[in-house]
Protein chains: 2
Amino acid sequence: MTESISNGRLTTPEAGMLARPALAVQVADALRELILEGTIQGGEKIREKELTERFGVSRTPLREAMKILAAEGLVELIPNRGAIISQPSAAELADAFPVLAALEAMAGEQAAERATEVEMAEISRLTDRLRASLEANDRPGYFEINQAIHNAILAASRNETLIRTHATIARLVHRARYQANLTRSRWEQALSEHEKIAAALNARDTDQVGRLLKAHMMAKLTAILKAGQVSPR
Amino acid sequence: MTESISNGRLTTPEAGMLARPALAVQVADALRELILEGTIQGGEKIREKELTERFGVSRTPLREAMKILAAEGLVELIPNRGAIISQPSAAELADAFPVLAALEAMAGEQAAERATEVEMAEISRLTDRLRASLEANDRPGYFEINQAIHNAILAASRNETLIRTHATIARLVHRARYQANLTRSRWEQALSEHEKIAAALNARDTDQVGRLLKAHMMAKLTAILKAGQVSPR
DNA sequence: AAATTGAATTATGAATTCATTATTCATGTC
DNA sequence: GACATGAATAATGAATTCATAATTCAATTT
């Protein structure tokens with residue numbers, strides 16, 4: 001079945017210019033999405049033929065797309081033996097989370113200094129909704145809002161390199177981060193952390209925001225490793 | 001003239017397995033090198049034909065290599081219009097350096113806790129050589145040793161994600177970082193910073209190493225922007 | 001039966017070909 | 001002469017073809 005690709009967003013066009021992104025980029029976007037949402041599981045082997053048929057493209061752009069995803073670390077290419085979807089081990093998560101924590105802490109610090117009142121209000125509003133999702137016991141809603149808050153803080157940092165770098169690493173740990181079981185007590189603790197972060201942001205307490213975000217991320221890592229649904233090595 | 005590619009290092013082989021990297025990866029490595037060493041200048045337009053002839057490969061692996069470099073941010077791909085070598089503006093450097101500073105600070109903190117005595121000694125030794133290069137007025141030597149120190153600290157952090165992430169951003173600002181004019185006073189100041197960093201590392205003063213490295217990187221950014229040989233926007 | 005060999009099959013790697021889009025440059029117009 | 005138009009050229013995008021390596025599986029051996 002060919003679910004041929006709709007015209008997504010632009011690739012690298014001149015500002016305000018219309019230009020369809022290269023097929024390879026569209027395929028990379030689509031495949032990245034499938035990986036992040038878990039339709040294609042970590043550790044799974046990829047057969048080119050299957051994907052060319054799914055996307056309705058030839059092998060050339062597909063293979064280019066694989067190179068892109070490999071550069072991002074989402075897939076592993078093994079010469080003459082195809083590709084497998086990356087599946088970060090506990091050790092790799094233990095590496096990646098502190099980096100993510102450092103980046104988010106930096107984003108929080110920048111946001112505390114640069115965020116507009118509108119951005120501040122939006123983050124506060126999202127934090128309120130985060131509490132509501134806990135009270136409604138709505139886990140999917142919680143994950144979504146949580147992600148929106150982290151992204152809002154990143155955006156408020158106004159640092160494109162920071163945003164891009166964070167996004168790349170965040171994708172690598174995405175499943176572990178958003179599909180881990182969340183115990184009730186961890187859930188409540190995480191919310192409390194978020195409320196403190198929002199408060200510190202509103203107070204524009206730069207250092208405090210940084211500290212809290214770093215601690216929040218490291219607590220998340222601890223919770224994930226404790227749940228222990230990732231491969232140790 | 002074809003300077004066909006020698007068998008570089010492996011791509012993603014099983015541990016201890018022999019497997020030549022894909023041609024695309026070899027081309028990406030070679031081209032990355034050309035960009036970093038400045039043989040191909042930032043802003044320059046790339047013609048596929050020229051590179052296929054230079055490397056002695058067909059367009060297919062070359063285009064795959066371009067996708068890899070584009071994912072790394074070293075080149076910009078514009079649909080139907082080829083590729084240009086990225087040239088970070090002052091604004092982009094102002095974004096990238098603080099991220100690099102945060103990453104190196106984190107690396108320094110980890111190194112302060114994890115580095116072996118051998119690694120410590122090596123960093124001290126390199127720092128001594130750094131002073132020697134200043135006293136010999138050997139700028140190329142200084143840049144090289146400086147880079148080796150930063151890499152040694154990264155390596156001592158023992159965090160693969162951190163190392164990879166740092167490398168990606170470091171490449172983007174490589175030319176600005178290592179080809180900027182260095183005034184004598186900045187040179188002396190930088191050396192002094194390095195000696196303090198080495199001392200704090202030896203004392204395993206985690207927080208101090210982090211602070212010093214961050215300050216060192218930000219001072220570097222200031223020096224680069226002051227030299228003003230990058231495009232403002 | 002388990003292990004090993006090797007042919008057949010299948011998958012990936014890379015070059016080539018075909019298609020489409022930009023760019024260049026000559027021609028004509030104002 | 002400056003500008004606009006359009007054909008010729010050259011570049012990139014993608015499919016196809018050819019080459020090579022890996023996998024499968026039947027036949028054989030131990």
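All chains are named by letter (A, B, ...) in the order of the sequence lines, taking the proteins before the strands, and each is independently numbered beginning at 1.
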Which nucleotide, [options], lies nearest any side-chain atom of [X]?
X: Ala22(A); options: dA14(D), dG13(C), dA22(C); answer: dA14(D)
X: Asn80(A); options: dA11(C), dA21(D), dA15(C); answer: dA21(D)
X: Arg59(B); options: dA15(C), dT17(C), dT12(C); answer: dT17(C)

Atom-pair distance ([atom1] on [X]; [atom2] on [N]), nearest Å:
X: Lys49(A); N: dT23(D); atom1: NZ; atom2: P; answer: 18 Å
X: Glu48(B); N: dA10(D); atom1: CD; atom2: C1'; answer: 12 Å
X: Glu53(B); N: dA10(D); atom1: CD; atom2: P; answer: 14 Å
X: Gln26(A); N: dG13(D); atom1: CD; atom2: P; answer: 13 Å
X: Met66(A); N: dA14(D); atom1: CE; atom2: C1'; answer: 18 Å
X: Arg63(B); N: dT16(C); atom1: CZ; atom2: P; answer: 16 Å
X: Phe55(B); N: dA14(C); atom1: CZ; atom2: C1'; answer: 16 Å
X: Ile78(B); N: dA22(C); atom1: CD1; atom2: C1'; answer: 12 Å

When you measure only distances, ignoring hydrogens and angles, does the side chain of Thr60(B) come within 3.5 Å of the base of dA15(C) through a donor and an acceptor?
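Present.
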Confirm from the modelled atom types if Arg81(B) and dG13(D) form a donor-acceptor pair under 3.5 Å, side chain to base only.
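By the distance-only test, no, there is no pair.
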So, applying side chain to side chain contact (heavy atoms under 4.5 Å, CB included) with Met217(A), which one of Leu100(A), Leu103(A), Val99(A) is it?
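Result: among Leu100(A), Leu103(A), Val99(A), Leu100(A) is the only option passing the side chain to side chain contact (heavy atoms under 4.5 Å, CB included) with Met217(A).
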Are the side chain of Thr222(B) and the backbone N or O of Met218(B) linked by a donor-acceptor pair below 3.5 Å?
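Flag set: sc Thr222(B) to bb Met218(B) pair under 3.5 Å.
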Donor-acceptor contact present, side-chain Arg177(A) to main-chain Leu221(A), <3.5 Å
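Checked: no pair found.
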Check Glu64(A) with Lys67(A), please: is the shortest side-chain N to carboxylate O separation under 4.0 Å?
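Glu64(A) and Lys67(A): not salt-bridged.
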Parallel, tilted or perpendicular, as decided by the 30° and 60° cut-offs, for the rings of His216(A) and His150(A):
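Parallel: the ring planes of His150(A) and His216(A) meet at under 30°.
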Of Pro61(A) and Arg47(B), whose nearest nucleotide on DNA chain D comes first from the 5' end?
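Checking each residue's closest nucleotide, the 5'-ward one belongs to Arg47(B).
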Under 4.0 Å, heavy atoms only, any strand: does Ile46(A) hit a base, just the sugar-phosphate, or nothing?
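The answer is sugar-phosphate, as Ile46(A) gets under 4.0 Å only of primed atoms, P, OP1 or OP2.
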Toward the 5' end of DNA chain C, which comes first, Glu64(B) or Lys45(B), by nearest nucleotide?
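Nearest-nucleotide comparison on DNA chain C picks Glu64(B).
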